[in-house]
Amino acid sequence: MGAVEQVFLECERARADGDLIQRVSASDKEYHFQNWVGERIEACGLAYDEPGRNTYPDFRLVNHPEGYEVKGLEFPGREADYDSNSQVPTGNHNGREVFYVFGRYPKAERGVDEYPVVDLVVCHGSFLNADTDYVHKNKSFRGFGSYGDILIRDRKMYVVPTPFALAAGTAGLATLIAPADYQVQSSELVQVGELNRVEIDEVLVSYEFNMQTNEMVTHKEPNPNAGIVHQFRAYRSRGAGDTKTVALKEPRS
DNA sequence: TGCCATTGTATGGACCTTCG
DNA sequence: CGAAGGTCCATACAATGGCA
């Protein structure tokens with residue numbers, strides 16, 4: 001069985017069994033859910049490189065060319081998109097397949113250090129962005145301000161639609177979204193939908209910011225992959241909401 | 001004078017808050 | 001609500017300064 005399949009099924013088992021997320025500290029907003037996913041990978045017996053703060057994807061498997069990027073979201077809360085600061089989502093990074101693990105959990109309550117996973121989506125990175133060529137780079141320069149000593153960071157903060165916003169039928173359940181050509185091996189996985197994402201006609205290649213008018217202009221070029229359809233399939237764990245179908249929502253413009 | 005420990009700066013991750 | 005603006009701070013990397 002493919003590693004993602006194992007990880008997904010274990011996540012769903014843990015969610016359904018009510019294995020709780022443990023808050024690390026009062027101010028922790030990034031490790032609690034990551035740790036929960038780490039325990040799942042561990043439960044699968046998969047070896048991984050320890051995630052650091054600036055590693056991408058968070059968990060990199062040692063014996064499979066595969067990695068998992070973890071995103072925790074409060075529920076109810078922000079649903080349409082998530083901040084992907086300085087990291088464009090991709091389905092392939094350094095020769096590794098990248099899967100995103102989105103998990104939603106209840107809003108933090110004072111004095112409550114354990115809480116359940118409401119729902120989750122494991123999706124291939126290419127579902128969020130099909131491109132693998134773009135290389136992200138932040139640049140900065142000094143010289144701004146009356147004294148010329150202020151540094152400006154051109155820090156691109158990518159804001160990406162969440163799979164919950166992209167695909168209807170994902171709320172309250174656990175869903176795996178994989179490329180259509182991905183060979184599912186586990187009989188525990190039931191297909192619950194097909195999702196086709198179509199590439200746009202023009203891609204953004206640059207932008208300029210005028211600091212006097214605060215105008216920003218973007219420049220586009222024809223997309224060599226215009227019209228290409230990227231096909232995905234949604235799966236659920238057998239018996240766990242496998243009659244509820246998943247379909248792409250109307251895209252936002 | 002080369003090595004290492006310490007300090008400083010840049011980068012990146014992950015939310016939160018406010019306003020229209 | 002969602003978009004824009006903001007906060008916090010852990011790390012990576014660079015610079016500095018003792019000291020054998």
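Chain letters run A, B, ... following the sequence lines, proteins first and then strands; every chain starts at 1.
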Inset, instruction - Mark yes or no for a side-chain to base donor-acceptor pair under 3.5 Å between A:Asn85 and B:dA14, with no hydrogen or angle criteria applied. - result: yes
Using whole Å, what does the distance between atom [atom2] of nucleotide [N] and atom [atom1] of [X] come to?
| X | N | atom1 | atom2 | value |
| --- | --- | --- | --- | --- |
| A:Tyr56 | B:dG13 | OH | P | 10 Å |
| A:Tyr82 | C:dG2 | OH | C1' | 17 Å |
| A:Gln87 | C:dT11 | CD | P | 18 Å |
| A:Arg155 | C:dG5 | CZ | P | 14 Å |
| A:Phe209 | C:dA4 | CZ | P | 11 Å |
| A:Asp154 | B:dG12 | CG | C1' | 14 Å |
| A:Asp58 | B:dA14 | CG | C1' | 11 Å |
| A:Tyr68 | B:dG13 | OH | P | 20 Å |

Inset, instruction - Using heavy atoms to find the nearest nucleotide of DNA chain C for A:Arg153 and A:Asp83 separately, return the residue whose nucleotide is more 5′. - result: A:Asp83
Inset, instruction - Nearest-nucleotide wise, let me know which of A:Val159 and A:Thr55 is further upstream toward the 5' end of DNA chain C. - result: A:Val159
Inset, instruction - Indicate yes or no: does A:Asp17 engage A:Arg13 in a salt bridge with an N to O separation below 4.0 Å. - result: yes
Legend entry - 5'-most by nearest nucleotide on DNA chain B - A:Leu73 or A:His136: A:His136
Inset, instruction - Map A:Leu151 and A:Met157 onto DNA chain B by nearest heavy atom, then report which one ends up closer to the 5' terminus. - result: A:Leu151
Inset, instruction - Answer yes if the ring centres of A:His93 and A:Tyr56 are under 6.0 angstrom apart, and no otherwise. - result: yes
Inset, instruction - Compute the ring centroids of A:Tyr82 and A:Phe102, then answer whether they are less than 6.0 Å apart. - result: yes
Legend entry - Per A:Gln34 side chain, nearest of listed nucleotides C:dG2, B:dC16, B:dA14: B:dA14
Legend entry - Touch class at under 4.0 angstrom, heavy-atom based, for A:Asn138 against every strand present: sugar-phosphate
Legend entry - Inter- and intrachain pairs under side-chain hydrogen bond (donor to acceptor under 3.5 Å, both in side chains), touching residues 161-178 of chain A, at least two apart: A:Thr175-A:Arg236
Inset, instruction - State which residues pass ring pair (Phe, Tyr, Trp, His ring centres under 6.0 Å) with A:Tyr235; sequence neighbours excluded, sorted by chain then number. - result: none
